[in-house]
Amino acid sequence: MSKLVGTAGVSVLGDKSLEFYRDPVAFCEQRIEKHGTRIFQSRLLNKPTSFVCSVEGMKELLCEKSSVFLKDPTDVMHNMYGDNIVTANGEEACLLRLSLTNLFTGKCLASGSDLINSVSERCLKNLSATGEPVSVYPLFKRLGTELVLGLFLNVKPDETPELFQEITALCTLHWHGIISTPISVKVPLWSSGFCTALEAKDKLMDIIKDKLECERQGFVGYLRDLPLPDASCASQHLLLFISALIPKALASLLTSFTLVLSGAGKKEIRNRARADPDYLYYILLEVQRLWPPFIGGRRIANQDTTLGGFHIPKAYAAMYVSHAIHRDPEVFHQPEDFLPERWCGRNAGQEHLLCSLGNGPRNCIGVQLNNVFLKAACGYLLQHYDWDLSPYSQDLQYKWLPVSRPTVPPMVSFTELELESSATDLPDGPP
Ligand code: HEM
């Protein structure tokens, strides 16, 4: 067993959180290069932390040693969301997953598909009508917001526009509290943004509780009937599901999909994706590999252990970094290149080595729902449009936090297809 390379430094002064939050990709790349290994240590959120940047390390952390590396109940998410599955551990987490998974599979999932298709159509029709370029990230975020509010709360902008607006605005304020938290760890949690976010959270909880009492239909109805440990559990989880997190993650993926398939040079790829659902599936895998919406996730070791043969002391944190894991050259040859064909060639059947939706027993419970969302939105775009960047030359440099996307919002011009192709179909399963 060897000692972890790098240094965790001394408390507070040795903390590298700001450096990591400023540019997590450069942070990891520099250290991988310096230490010559994809597992190293540093100090994040003022805690000694092992950074995991290899596929093998990620599997060990999230799968084989999932009972050793636990969720952190004091995670920054907890301040803004309260008790929910994300920060739960052990039996409590297992039972919550068992209950909640029902919402995102089988007949519950099937019952949402009309809404998902109609929202995709409402948000994505007429993109070419004005002839003007469209700022795609806000467009897709609006699509994601309509999806989650329609699906989880039965709130639709065409039926109750004011309530829809109010919840959207509250979710934005609540989100600002989440992203201000890591920066304020050294001056804990009394910024005005944080207080505003807590007020927004209270108002959102009032709306959610009202919906849980009055609505009988859809997910809210299913959720109320689930066996959950206590009265506040359903509302705490609805807060998680409707918060800005999911619309932003969807907008991130749809933006990356649109950008990588844009322009005359990608016409062949778009045509192939229209005609071949398997090929569209490979494209979506490759989009998630290169541009995972979230940078990764964090765990805490509940005993002395090892990762990749390195000693990890009890209470150390471990951070898996999806961006770096997805570029591990041991598994993904030409890691920086967009090569959908890899998924029916060298990497065929290796979707389980991605971690854009987590991995192992604590992976994302919305995997299938996410698949349906992507299928509906990407299918709609492909069936109705060709598209290109407008202007042709734009700065597409990505930022990776809080959600991956180009720093400067990209502008895309859409052209209606003359002949609509037949419906594209994605196979079931991830992504
Ligand atoms: C593009 C969309 C999405 C992305 C990128 C995403 C990503 C992730 C990731 C990376 C994790 C693992 C976090 C960790 O390892 O600490 C996770 C967990 C989770 N996701 Fe998603 N997710 C998405 C959509 C959804 C949807 C639609 C839902 C349901 C409404 C959802 C609910 C959850 C929950 C409840 C967990 C926690 C599971 C647990 O701790 O046991 N996600 N997600």
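- No side-chain donor-acceptor contact under 3.5 Å links Asp304 to the backbone of Pro313.
- Of the N and O atoms on the side chains of Asn363 and Arg97, at least one donor lies less than 3.5 Å from an acceptor on the other residue.
- Between Tyr81 and His174, the angle of the ring planes goes over 60°, which puts this pair in the perpendicular group of the 30/60° scheme.
- Ring planes of Phe20 and Phe27: perpendicular class, angle over 60° (limits at 30 and 60°).
- Note that CZ of Phe373 and CG of Asn117 are 11.0 Å apart. Values are rounded to the nearest 0.5 Å.
- Here the side chains of Leu44 and Met319 are in contact, with some heavy-atom distance below 4.5 Å.
- Between the OH atom of Tyr222 and the CG atom of Leu100 there is a distance of 15.0 Å, given to the nearest 0.5 Å.
- Between His237 and Phe241, the two ring planes are tilted [angle within 30° to 60°].
- In this structure, Arg270 forms a cation-pi arrangement with Trp387, its terminal cationic atom sitting closer than 6.0 Å to the ring centre and no more than 45° off the ring axis.
- Within the 4.5 Å cutoff, side-chain heavy atoms of Val403 are placed close to those of Ser252.
- With Phe332 as the aromatic partner, Arg342 does not meet the cation-pi criteria of under 6.0 angstrom to the ring centre and within 45 degrees of the ring axis.
- A donor atom on one side chain and an acceptor atom on the other are not found under 3.5 Å apart for His78 and Asp72.
- Atoms CZ and OG, from Arg289 and Ser356 in turn, are 11.0 Å apart once rounded to the nearest 0.5 Å.
- No side-chain donor from either of Trp343 and Glu351 sits under 3.5 Å from a side-chain acceptor of the other.
- Within the 4.5 Å cutoff, no side-chain heavy atoms of Phe104 are placed close to those of Gln368.
- Lys16 and Thr49 share no donor-acceptor pair across their side chains, judged by distance under 3.5 Å alone.
- Residues Thr145 and Ile242 form no side-chain contact, since every pair of their non-hydrogen atoms from C-beta on lies 4.5 Å or further apart.
- We find the CG-OG distance between Asn302 and Ser67 to be 7.0 Å, quoted to the nearest 0.5 Å.
- Side chain to side chain, Lys211 and Asn154 fail the donor-acceptor criterion of an N or O pair below 3.5 Å.
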